[in-house]
Amino acid sequence: MTTIRDVARLAGVSISTVSLALNSPKRVGAETLDRIQQAINSTGYRIDPVAQTLARGRSSLIGFVSANLGNMFFGDIRREIEHQALDHGYFVLIADSSGRADLERALLERLEAQKIAGIALAANGRGEEYATFLRDFKTPIVMFDQKVEGAERDFVGSDNPLTTTILTEHLLQLGHRRIGFISGPSGLHTADERLKGFLNTMTGAGVEIDPSLVVEGGYTRTGGHAQAMRLLTRRDRPTAIIGANNMTGLAALQVMQEMGFRCPDDVSLAMVDDVPWSNVITPRITMVVQDAQKLGELAAQRLLTRIASPEGAAAPPEDFILTPRFVRGESTRRL
């Protein structure tokens, strides 16, 4: 059976150089990397992942755990993390917690048992007990999108209060005062932050908030549909609706169409995050967009730094907060 020694001998380099080329190809010169690749092709050498895990004390796998892989936002982040990981010799193992904190915890424990190198996590667990669990977790973790206070882990996310501040200010400038807000799950970082942005902006503008217009849609299409139906069947329905994410925003648009409302002539609509083929949706929805590619890039870079060396692993946790972008569509109009 061909071994790494055979590859090193044929390429005229040391075993450690072959190992470096396999695990961190960017750290090897182009000419040397080419010779090693030719030697691998000639000998038919194949990496033994079990032996590699035993030698390293960890695998060449990185975990990616989120609550809803069907959401394009998480798909874009995952894709960028995969690209970054592959460039550094790691493969990404993907897991969907379906928004269940108990399943999320079980997935993390299973990944750790597999000697996974590190984990990118959009956490759905919350509370002090869960923060302690994450804080004491031995495997490097970088949280993205969802933050667990007290976990003392790196966090990469957007300025969530700003997302809904921008949308609320936009609607207020158009003359809207009765604004419905379909929020995410209470207690979840992004949901609480986006709700705070909406409430603070309304209060700051001197607009009285009708609590019955603030409803929880759970960040799902089903929940958003139910709550949009509740808002739009009222006699004193809102003149505008904000969806706290793309799923609830699309659900609200669906309800408007089902009920025969014209958007924005009858009801204006705005939401956080983009959706696939948004440029062919009629009307094009006014939204605030997060830079998913940049979020994925930063999360991957931070996780790879944590994995690469003891110094990187021991560095104090940091927050990396990106500014979202406003995209004016055709779904909002002046009263």
Side-chain angles (χ1 to χ4, degrees), residues 67-68 70-74 98-99 160 163-172 174-188 190-199 201-202 207-278 280-290 326-335:
N68 183 6
N71 190 322
M72 184 193 77
F73 172 70
F74 291 114
S98 300
N160 281 287
T163 60
T164 47
T165 294
I166 291 171
L167 295 177
T168 308
E169 286 182 345
H170 169 67
L171 291 170
L172 289 172
L174 293 177
H176 294 275
R177 294 297 180 268
R178 287 188 58 76
I179 302 173
F181 188 86
I182 306 177
S183 74
S186 177
L188 198 64
T190 57
D192 290 350
E193 293 288 282
R194 292 173 191 177
L195 177 59
K196 181 171 69 175
F198 168 72
L199 296 175
T201 305
M202 293 284 280
V207 178
E208 185 177 352
I209 300 168
D210 181 347
S212 67
L213 295 182
V214 180
V215 293
E216 186 174 314
Y219 276 168
T220 67
R221 190 89 175 250
T222 302
H225 187 280
Q227 296 296 1
M229 184 69 73
R230 175 181 165 190
L231 290 173
L232 292 173
T233 52
R234 296 170 55 127
R235 307 192 88 177
D236 56 345
R237 69 174 182 267
T239 62
I241 292 176
I242 295 174
N245 77 337
N246 48 13
M247 294 294 98
T248 51
L250 280 180
L253 181 61
Q254 180 182 348
V255 170
M256 291 178 198
Q257 293 172 346
E258 290 171 352
M259 296 185 67
F261 289 123
R262 297 166 300 166
C263 179
D265 293 345
D266 298 318
V267 185
S268 288
L269 175 66
M271 70 183 186
V272 179
D273 287 336
D274 203 350
V275 291
W277 303 99
S278 60
V280 300
I281 294 174
T282 303
R284 182 173 171 81
I285 301 175
T286 295
M287 64 185 77
V288 167
V289 178
Q290 302 181 81
F326 177 65
V327 179
R328 175 70 186 268
E330 301 162 346
S331 64
T332 53
R333 76 172 185 90
R334 187 174 297 279
L335 279 183

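No hydrogens, no waters, no symmetry mates; every other heavy atom, side chains included, goes into these values.
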**Student:** Within this structure, what is the CD-CD distance for the pair Q257 and Q254, rounded to the nearest 0.5 Å?
**Tutor:**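 One finds 7.5 Å between CD of Q257 and CD of Q254.
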
**Student:** Please report the closest heavy-atom contact between G180 and P238, naming both atoms and the distance.
**Tutor:**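 Answer, listing the atom of G180 first, then P238: N-CB, 3.6 Å.
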
**Student:** Evaluate the side-chain proximity of T239 to L335: yes if any heavy-atom separation is below 4.5 Å, no if none is.
**Tutor:**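 Touching, per the 4.5 Å side-chain cut-off.
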
**Student:** Run through T165, L171, I166 and flag the one making a side chain to side chain contact (heavy atoms under 4.5 Å, CB included) with E169.
**Tutor:**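 The residue from T165, L171, I166 that satisfies side chain to side chain contact (heavy atoms under 4.5 Å, CB included) with E169 turns out to be T165.
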
**Student:** Has R333 got a side-chain atom pairing as donor or acceptor with D265's backbone, closer than 3.5 angstrom?
**Tutor:**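 Yes: the side chain of R333 pairs with the backbone of D265.
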
**Student:** Can you find a heavy atom in the side chain of M259 that is under 4.5 Å from one in the side chain of T233?
**Tutor:**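 M259 vs T233: side chains touch.
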
**Student:** Determine whether F181 and M202 make a side-chain contact, defined as any pair of heavy atoms from C-beta on separated by less than 4.5 Å.
**Tutor:**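 SC-SC contact between F181 and M202 ruled out.
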
**Student:** Under the 3.5 angstrom rule, does the side chain of N246 hit a backbone N or O of V275 as a donor-acceptor pair?
**Tutor:**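 A pair under 3.5 Å: no.
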
**Student:** Walk me through whether L253 and I281 qualify under side-chain contact (heavy atoms from CB on, under 4.5 Å).
**Tutor:** CA-CA 10 Å; L253 181 61; I281 294 174; 3.7 Å; yes

**Student:** Can you see whether T248 engages N245 through a side-chain donor-acceptor pair at a distance of less than 3.5 angstrom?
**Tutor:**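 N245 and T248 do have a side-chain donor-acceptor pair below 3.5 Å.
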
**Student:** For G197 and T164, work out which heavy atoms get closest and say how close.
**Tutor:**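 Smallest interatomic distance, heavy atoms only, reads CA-OG1, 3.5 Å.
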
**Student:** What heavy-atom pair brings S331 and P264 nearest, and what distance separates the two atoms?
**Tutor:**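 Closest approach of S331 to P264, heavy atoms only: O-CB, 3.2 Å.
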
**Student:** Roughly how far apart are Q290 CD and T190 OG1, rounded to 0.5 Å?
**Tutor:**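 So the gap between those two atoms works out to 8.0 Å.
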
**Student:** Might you point out which heavy atoms bring M271 and L250 nearest each other, and give the distance in Å?
**Tutor:**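 Scanning both residues completely, I find the closest heavy atoms to be SD-N, 4.1 Å.
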
**Student:** Take M256 and R262 through the side-chain contact (heavy atoms from CB on, under 4.5 Å) test and state the conclusion after the steps.
**Tutor:** CA-CA 7 Å; M256 291 178 198; R262 297 166 300 166; over 6 Å; no

**Student:** Test side-chain contact (heavy atoms from CB on, under 4.5 Å) on E330 and C263; report intermediate values, then the result.
**Tutor:** CA-CA 8 Å; E330 301 162 346; C263 179; over 6 Å; no

**Student:** Please confirm whether the backbone N or O of L172 pairs with a side-chain atom of R177, one donor and one acceptor, at under 3.5 Å?
**Tutor:**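 The answer is yes, because a donor-acceptor pair under 3.5 Å joins these two groups.
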
**Student:** Hey, does R194 have a side-chain heavy atom less than 4.5 Å from the side chain of I242?
**Tutor:**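 SC-SC contact between I242 and R194 ruled out.
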
**Student:** If you measure from CZ on F74 to CG on D273, what distance do you get to the nearest 0.5 Å?
**Tutor:**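 Separation between the atoms: 8.5 Å.
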
**Student:** Let me confirm one number: the CD1-OG1 distance from I209 to T201, rounded to the nearest 0.5 Å.
**Tutor:**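 So the gap between those two atoms works out to 9.0 Å.
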
**Student:** Between T220 and M247, what is the shortest heavy-atom contact and its length?
**Tutor:**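 Smallest interatomic distance, heavy atoms only, reads C-CB, 3.9 Å.
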
**Student:** Given side chains that start at C-beta, do those of F198 and I179 come closer than 4.5 Å, heavy atoms only?
**Tutor:**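 Yes. Closest side-chain heavy atoms under 4.5 Å.
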
**Student:** OG1/T222 to CD/Q227 distance, rounded to the nearest 0.5 angstrom?
**Tutor:**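 Reported value, rounded in 0.5 Å steps: 12.0 Å.
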
**Student:** Compare all side-chain heavy atoms of I241 with those of L231 and state whether any distance is below 4.5 angstrom.
**Tutor:**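 The answer is yes, as the side chains (C-beta and beyond) meet within the 4.5 Å cut-off.
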
**Student:** Is D210 close to R178 at the side-chain level, that is, under 4.5 Å between some pair of heavy atoms?
**Tutor:**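 Yes, at least one pair of side-chain atoms sits under 4.5 Å.
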
**Student:** Under the 3.5 angstrom rule, does the side chain of T286 hit a backbone N or O of A270 as a donor-acceptor pair?
**Tutor:**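 No, the answer is negative, given that no donor and acceptor are paired below the 3.5 Å cut-off.
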
**Student:** Heavy atoms only: give me the nearest T332-R328 pair and the separation to one decimal.
**Tutor:**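 Shortest heavy-atom separation between T332 and R328 comes out as OG1-NE, 3.5 Å.
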
**Student:** Can a donor-acceptor pair be found between the side chains of S183 and Y219 at a distance below 3.5 Å?
**Tutor:**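 Note: S183 and Y219 side chains miss the donor-acceptor criterion.
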
**Student:** Given M287 and D274, is the side-chain contact (heavy atoms from CB on, under 4.5 Å) satisfied, shown in steps?
**Tutor:** CA-CA 7 Å; M287 64 185 77; D274 203 350; 3.5 Å; yes

